[in-house]
Amino acid sequence: MKREDPPVILDSKHLGLLLESLKKSGYLTVGPTVRDGAIVIDEIDKVTQLPVGLTDTQEGGTYRLQSRKDAAFFAYNVGPHSWKKFLFPPEQRLWTLKKNGTKFQFVDIADNTTRYAFIGVRACELQAMSIQDRVFQNGHFQDSHYMNVRKNIFVVAVNCTQAGGTCFCTSMGTGPEADTGYDLALTEVITGSLHYFVVRSQSRNGAKVLEALPHKPATAAQLKTANEMIAQAEHEMGRSLKTHNLKTLLYENYEHPHWEAVASRCLTCANCTMVCPTCFCSTVEDVTDLTGENAERWRKWDSCFSQEFSYVHGGSVRVSAKSRYRQWLTHKLGTWVEQFGTSGCVGCGRCITWCPVGIDITEEVRRVTNGK
Amino acid sequence: MNHADNPLLPREFRVSKIARETHDSFTMELDPAKGAKALHFASGQFNMLYAFGVGEAPISISGNPGNPRTLTHTIRVVGPVTKALHGLGIGDWVGVRGPFGTNWPVRESMGKDIVIVTGGIGLAPLRPAMYEIMENRGKFGNVVLLYGARTPNDILYEREVKKWRSQFDLHVNVTVDRAAGKWKGNVGVVTTLIPNVHFDPYQATALICGPEVMIRYTVIELRKRGVASENIFVSMERNMKCGIGHCGHCQLGPHFVCKDGPVFRYNQVKRLLDIREV
């Protein structure tokens, strides 16, 4: 249920209370934390596990953590992980089957009942979740594994007050401010010695959690500061993409020579599809144990960049790297619109940052559409 | 959660009959487990067949939609799953998910001529349409079946095709790519049969299933006869893992072949068939 309460102020020293309160309510709190030199998303128990005082610099094929002079919790841009790893896990058992004499019996269909509280979801990521909703629960067929987790999540969104070098959410109309799809949305403000959050609640759950935390009404000046910081992010976008008529332009350029030029750099490593918060392709693996009595089916993330992906008897449909890159990009920005009524891209920039050779979706689109 | 809610969960079926078709294909009949409901299907749809522990493969339903209690599948043995299915005996267990996908527009074509053009195992997903047409034979005009196989030994449902060929109310023509010895029939690709067969191109629905190259040339020949492209329907094949439009493997441009197809109006895929590796 969407509702909007007047924004309030939560002092930064009370952020831990938010985590505790969510945990007490039975949520598994997951959020940003540093691992292997990057800000990833994982289980967190306390605020000290957040990337306190850290930020990142991102460019095509480049990601570096850097220290800040303050103790900001959320002053970074999105890292290699996205929330899809909880809603649509990289590896997931779909069911277990047991031979029982001559009968077969499904013994487990892996109903995940974990209730996640997502801490620090960015506006582009809220949109990514809404896009995956269209794939997994709003179509003719529903994925019960996805829906089981999805229906129970508590979302603490964080508005971006800075943009990364590969960000282009404003082009895609998805950010930098969280608009819908959250329970609570925070804007982190640091001015001089003051460090606080402007908090908006958009659900009954959100209001309930917020009520129990020490808070006070936000003043007009505080709201103005927060809004200015979000506007700052809007002006800092490292990338941009023209979306007008993009689907048609891509349909007209299936045979553009630039696809070949991208293919000469593309390693078909699939990194872009793994870090993409909306890519939903998967494969299944069927396994048995040594007794041959028990079988399982696992679903695993798959990528249109592999040759096996399009294999039918006799060979693969998309053999060349060119055709695979074209499939990915044309799907993401073109055919996706026909399939789900929305672009598949949220402008998070992950595919640019995490491409080992720095292939840049915004630049490749410009070339393929001749800058139109 | 039960099966009705979860399209990812196979249902239990038992092998009730197995028949060899050609050196590399066989037909398998499946009956639902005791007390379980039949799966109603339409001609042109497919099921995901699961061999215990080995995996799943999308296989067209080739039986009679009027008799949904038995699921009939004609399977070419080409990979691990089809090989495992081939190794099963009467009474063995097969997992079935489905039926999935779109169907041939048989009912919508009543009052018109029907032209079926197919090659190799492509006859399997068209056999349900043939059954449907034959059961309502009076409601259609001329019915033409043009079938191409690699060699005389690769002709699917040979006895049935011979029977259809002997009927006065069907035009059935078979050709093979190459033949030796006793074969006295046509030799050449199936498209060579199209110019000389009797039907009204302006009042016909064409149903095509076969390799993409065959589809392309068949369409050219049908268009030459005057069949409008909106009256041509094709069945497409792509890699499939889920059957419900979630796994992404079967994409053909904007289409998920598993749920928007496998049967498409030719106009829907016309442009895509002309692009390589799409």
Side-chain angles (χ1 to χ4, degrees), chain A residues 94-95 97 99 102-106 109 111 135-136 139-146 148 247 251 254-255 279-289 292 294-297 299 302 304 308-314 316-320 322-324 326-327 330-331 334-339, chain B residues 1-3 5-12 14 33-34 48 50-58 76 78-82 84 91-95 100 121 211-212 237-256 258-260 271-272 274-278:
Chain A
L94 294 179
W95 43 255
L97 183 61
K99 246 186 207 172
T102 60
K103 290 208 59 87
F104 287 79
Q105 207 181 350
F106 287 95
I109 46 179
D111 284 337
V135 177
F136 291 121
H140 180 66
F141 293 100
Q142 282 86 43
D143 184 298
S144 48
H145 300 271
Y146 178 87
N148 275 343
K247 185 185 88 173
Y251 284 12
Y254 266 100
E255 309 286 7
C279 270
F280 60 84
C281 287
S282 64
T283 187
V284 287
E285 268 180 39
D286 287 278
V287 292
T288 45
D289 63 4
N294 300 290
E296 294 183 345
R297 172 166 298 161
R299 174 166 66 189
D302 203 358
C304 54
E308 298 86 329
F309 185 84
S310 62
Y311 182 84
V312 282
H313 172 63
S316 290
V317 174
R318 291 185 282 273
V319 177
S320 67
K322 166 190 138 177
S323 68
R324 287 178 258 155
R326 182 181 66 186
Q327 164 63 23
T330 308
H331 181 217
T335 53
W336 204 299
V337 179
E338 268 185 69
Q339 293 167 348
Chain B
M1 189 188 307
N2 59 38
H3 281 87
D5 301 325
N6 192 343
L8 298 178
L9 220 48
R11 292 161 201 251
E12 183 179 344
R14 299 271 162 183
K34 267 188 204 123
M48 298 296 290
Y50 168 68
F52 184 83
V54 181
E56 264 185 342
R76 191 140 76 101
V78 291
V81 175
T82 48
D92 281 345
W93 186 97
V94 172
F100 296 126
I121 195 131
E212 279 180 35
E237 186 186 12
R238 282 293 182 273
N239 185 307
M240 289 178 192
K241 300 293 181 196
C242 74
I244 58 174
H246 289 180
C247 79
H249 281 254
C250 70
Q251 287 179 83
L252 171 66
H255 312 295
F256 291 101
C258 72
K259 71 183 177 81
D260 306 325
R271 205 179 142 254
L272 296 162
D274 289 336
I275 306 169
R276 289 175 67 91
E277 298 187 83
V278 74

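Proteins get letters first, then strands, A, B, ... in listed order; numbering begins at 1 in each.
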Where does [X] contact chain B at under 4.5 Å (heavy atoms): side chain, backbone, both or neither?
X	answer
A:Thr283	both
A:Ser316	neither
A:Val317	both
A:Glu255	side chain
A:His331	side chain
A:Asp302	side chain
A:Lys103	both
A:Asn294	backbone

With sequence neighbours left out, write down each residue that passes salt bridge (charged side-chain N to carboxylate O under 4.0 Å, His left out) with B:Arg14, or none if nothing qualifies.
B:Glu12
Among residues at least two apart in sequence or on other chains, which ones pass salt bridge (charged side-chain N to carboxylate O under 4.0 Å, His left out) with B:Glu56?
A:Arg297, B:Arg97
Can you tell which of [options] has the highest number of heavy-atom pairs within less than 4.5 Å of chain B?
options	value
A:Thr288, A:Thr330, A:Asp289, A:Val337	A:Thr288
A:Glu285, A:Glu308, A:His313	A:His313
A:Cys304, A:Ser320, A:Gly139	A:Ser320
A:Ala295, A:Ser282, A:Gly314, A:Gly292	A:Ser282
A:Arg318, A:Glu338, A:Glu296, A:Lys322	A:Arg318

Rounded to the nearest 0.5 Å, what separation is found between the CH2 atom of B:Trp93 and the CG atom of A:Leu97?
4.5 Å
Give, for atom CZ of A:Arg326 and atom CZ of A:Arg324, the distance between the pair rounded to the nearest 0.5 Å.
12.0 Å
A:Phe104 ring centre to A:Lys99 NZ or CZ under 6.0 Å, with the angle to the axis within 45°?
no
Do the non-hydrogen side-chain atoms of B:Val81 and A:Asp286 ever get within less than 4.5 Å of each other?
no
Hey, which of B:Cys242, B:Gly91, B:Gly53 has the most heavy atom pairs under 4.5 Å with chain A?
B:Gly53
Given the options B:Cys247, B:Gly248, B:Ala33, which has more heavy-atom pairs under 4.5 Å with chain A than any of the others?
B:Cys247
Quick check: B:His246 with A:Phe141 (ring centres under 6.0 Å apart)?
no
With a 3.5 Å distance limit and no angle check, can you tell me whether A:Trp95 reaches the backbone of B:Pro10 through a side-chain donor-acceptor pair?
no
If only side-chain N and O atoms count, and only distance matters, is there a donor-acceptor pair under 3.5 Å linking A:Tyr254 with B:Glu277?
no
Can a donor-acceptor pair be found between the side chains of B:Gln251 and A:Gln339 at a distance below 3.5 Å?
yes
Which bit of B:Glu212 is near chain A, if near means a heavy-atom gap under 4.5 Å: side chain, backbone, both or neither?
neither
